[in-house]
Amino acid sequence: MPKVDNHQFGVIGAGVMGQAVIRGLMRQQLVTVNNVWAAAKTEASCEKVRLELGIPCYTSYRDVVADVDVLLLCVKPNGIHSVLEKLKTYPLSPKTLIISIVAGATIEQMESTLGTKNPVIRAMTNTPCLVGQGMTAVCPGTHAKPEHLALAQKIFETVGVCMQLDEVHFDAVTGLSGSGPAYMYLIMEALADGGVRVGLPREAALQIVAQTLLGSATMVQQSGRHPASLRDDVTTPAGCTIGALLVMEDGKIRSTLARAVEEATLIAGELGKPKGKTKP
Ligand SMILES: NC(=O)c1ccc[n+]([C@@H]2O[C@H](COP(=O)([O-])OP(=O)(O)OC[C@H]3O[C@@H](n4cnc5c(N)ncnc54)[C@H](OP(=O)(O)O)[C@@H]3O)[C@@H](O)[C@H]2O)c1
């Protein structure tokens with residue numbers, strides 16, 4: 001496996017996601033204050049990053065970009081074009097691996113805007129990177145070699161699970177796992193409300209729901225069984241579970257969740273377009 005800890009990292013866009021990746025890599029001690037810097041648009045954000053993460057953070061990174069082995073682009077979709085336009089006028093090494101986690105920004109758009117032969121990897125990750133449980137998909141660009149892909153995979157495996165996928169699937173991944181934590185939080189909140197409705201203290205209800213979700217996800221991952229089969233194990237004839245499941249089916253939970261992913265995927269596809277919507 002390629003080594004990660006002897007590379008110099010730059011992270012352009014030290015917001016929610018940029019920080020989640022940096023913090024995740026720091027937790028695993030694969031990135032230290034000595035081999036990563038970040039960039040944000042405003043000095044206020046930079047100051048916060050310096051204080052909270054203890055790493056250098058710049059509003060202008062022209063002078064530090066030359067030394068970077070891996071450049072992570074974590075700006076909003078409407079900011080990626082101007083960042084790439086800037087980068088092509090900066091002293092960027094042709095060897096620097098550029099990894100973008102920007103929703104909707106295609107490899108073709110990034111490579112043509114940059115106009116260099118730098119290896120580019122498109123990635124889609126999510127906020128649980130912060131706790132080492134991220135889900136990331138990666139796809140290599142035209143000039144990315146197997147070692148670049150392996151390095152990107154190593155980076156994201158450090159903060160969770162990483163799979164290689166064709167770029168055609170990236171809007172779907174954005175709609176499923178990029179936005180996915182928000183769906184899970186909403187579901188957890190609703191289930192905890194149910195617990196509160198039947199008398200559980202809020203804190204206990206939330207803890208019970210979180211552990212139940214974690215346990216169920218681990219069952220799916222470790223057993224390799226289909227969720228419907230695992231669900232059958234819990235569903236005693238004439239028991240309470242089937243009663244609850246029927247109420248959920250009455251509320252069209254299955255198609256509601258599936259259509260929500262479809263909607264997010266459609267919006268993700270618009271994000272990269274020049275005059276597309278800029279919803280997160
Ligand atoms: N949030 C998620 O759960 C999630 C999940 C998957 C993928 N993504 C993708 O991750 C990307 C970032 O999302 P986010 O939620 O982390 O956004 P965010 O919190 O708004 O962070 C964006 C960061 O980019 C900085 N920035 C903007 N323009 C810049 C420039 N020209 N140069 C340097 N820094 C600049 C901002 O600085 P200021 O703070 O100074 O404005 C901010 O720190 C998006 O493209 C999104 O599609 C997000």
Side-chain angles (χ1 to χ4, degrees), residues 9-24 36-53 55-65 68 71-90 92 98-107 109-110 113-114 121-131 133-139 155-156 159-162 165 169-186 261 264-273 276-280:
F9 285 79
V11 179
I12 301 179
V16 173
M17 270 323 297
Q19 287 194 37
V21 176
I22 296 169
R23 286 176 195 268
V36 65
W37 56 257
K41 194 166 191 179
T42 58
E43 181 51 32
S45 292
C46 284
E47 185 57 20
K48 213 160 168 261
V49 169
R50 284 182 212 119
L51 279 173
E52 291 176 7
L53 275 75
I55 63 173
C57 191
Y58 312 104
T59 52
S60 170
Y61 40 90
R62 168 189 276 278
D63 297 339
V64 282
V65 88
V68 158
L71 201 52
L72 274 163
L73 305 185
C74 306
V75 295
K76 288 281 189 200
N78 61 7
I80 180 82
H81 189 78
S82 67
V83 166
L84 291 168
E85 286 281 353
K86 246 191 229 174
L87 278 176
K88 74 177 175 193
T89 68
Y90 284 6
L92 181 70
I98 296 176
I99 303 176
S100 159
I101 64 156
V102 177
T106 66
I107 289 170
Q109 285 168 351
M110 290 188 282
T113 306
L114 195 59
I121 302 260
R122 183 173 175 188
M124 178 45 60
T125 188
N126 63 12
T127 50
C129 278
L130 189 56
V131 292
Q133 294 292 345
M135 178 66 237
T136 307
V138 288
C139 178
I155 291 166
F156 290 112
V159 291
V161 171
C162 180
L165 271 181
H169 298 304
F170 266 61
D171 293 338
V173 174
T174 306
L176 191 54
S177 61
S179 304
Y183 315 155
M184 300 305 162
Y185 300 140
L186 184 117
V261 172
T265 302
L266 290 173
I267 296 171
E270 292 297 313
L271 293 175
K273 296 185 181 162
K277 296 172 197 168
T278 52
K279 291 182 194 171

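Counting convention: from 1, in listed order, for ligands and their atoms alike.
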Using a strict 4.0 Å cut-off to heavy atoms of Gly178, name the atoms of ligand 1 that fall inside it.
3 (O), 5 (C)
Heavy-atom distance under 4.5 Å between the side chains of Val49 and Ile22, does that happen here?
no
Quick one: which ligand 1 atoms are inside 4.0 Å of a heavy atom on Ser45?
38 (P), 39 (O), 40 (O)
Note: heavy atom closest to atom 1 (N) of ligand 1, options Met17, Gln19, Lys48, Glu47, belongs to Met17
Out of all atoms in ligand 1, which are within 4.0 Å of some heavy atom of Thr125? Include the element for each.
5 (C), 6 (C)
Any idea which atoms of ligand 1 are less than 4.0 Å away from a heavy-atom of Ala39?
34 (N)
Name the option, out of Thr127, Val83, Ile101, that contains the heavy atom nearest to atom 31 (N) of ligand 1.
Val83
Hey, which atoms in ligand 1 end up nearer than 4.0 Å to a heavy atom of Ala103?
45 (O), 47 (O)
Near Met124, which atoms of ligand 1 are under 4.0 Å from a heavy atom of that residue?
6 (C), 7 (C)
Just heavy atoms, cut-off under 4.0 Å: does Pro77 contact ligand 1 by side chain, backbone, both, or neither?
both
Pick whichever of Gly13, Ala40, Gly15 has a heavy atom sitting closest to atom 21 (O) of ligand 1.
Gly15
Once rounded to the nearest 0.5 Å, what's the spacing between atom CG of Leu271 and atom NZ of Lys76?
9.5 Å
Sidechain-backbone polar pair: Arg50 side chain, Cys57 backbone, donor-acceptor under 3.5 Å
yes
Of Val49, Val21, Val75, Leu73, the one whose closest heavy atom lies nearest atom 45 (O) of ligand 1 is Val75
If the plane angle is over 60° it's perpendicular, under 30° parallel, otherwise tilted; pick one for Tyr61 and Trp37.
parallel
Are Val11 and Ile55 close enough, and set up right, to give a side-chain contact (heavy atoms from CB on, under 4.5 Å), and what steps lead you there?
CA-CA 11 Å; Val11 179; Ile55 63 173; over 6 Å; no
For the pair Thr265 (side chain) and Val261 (backbone), establish whether a donor and an acceptor sit closer than 3.5 Å, ignoring hydrogens and angles.
yes
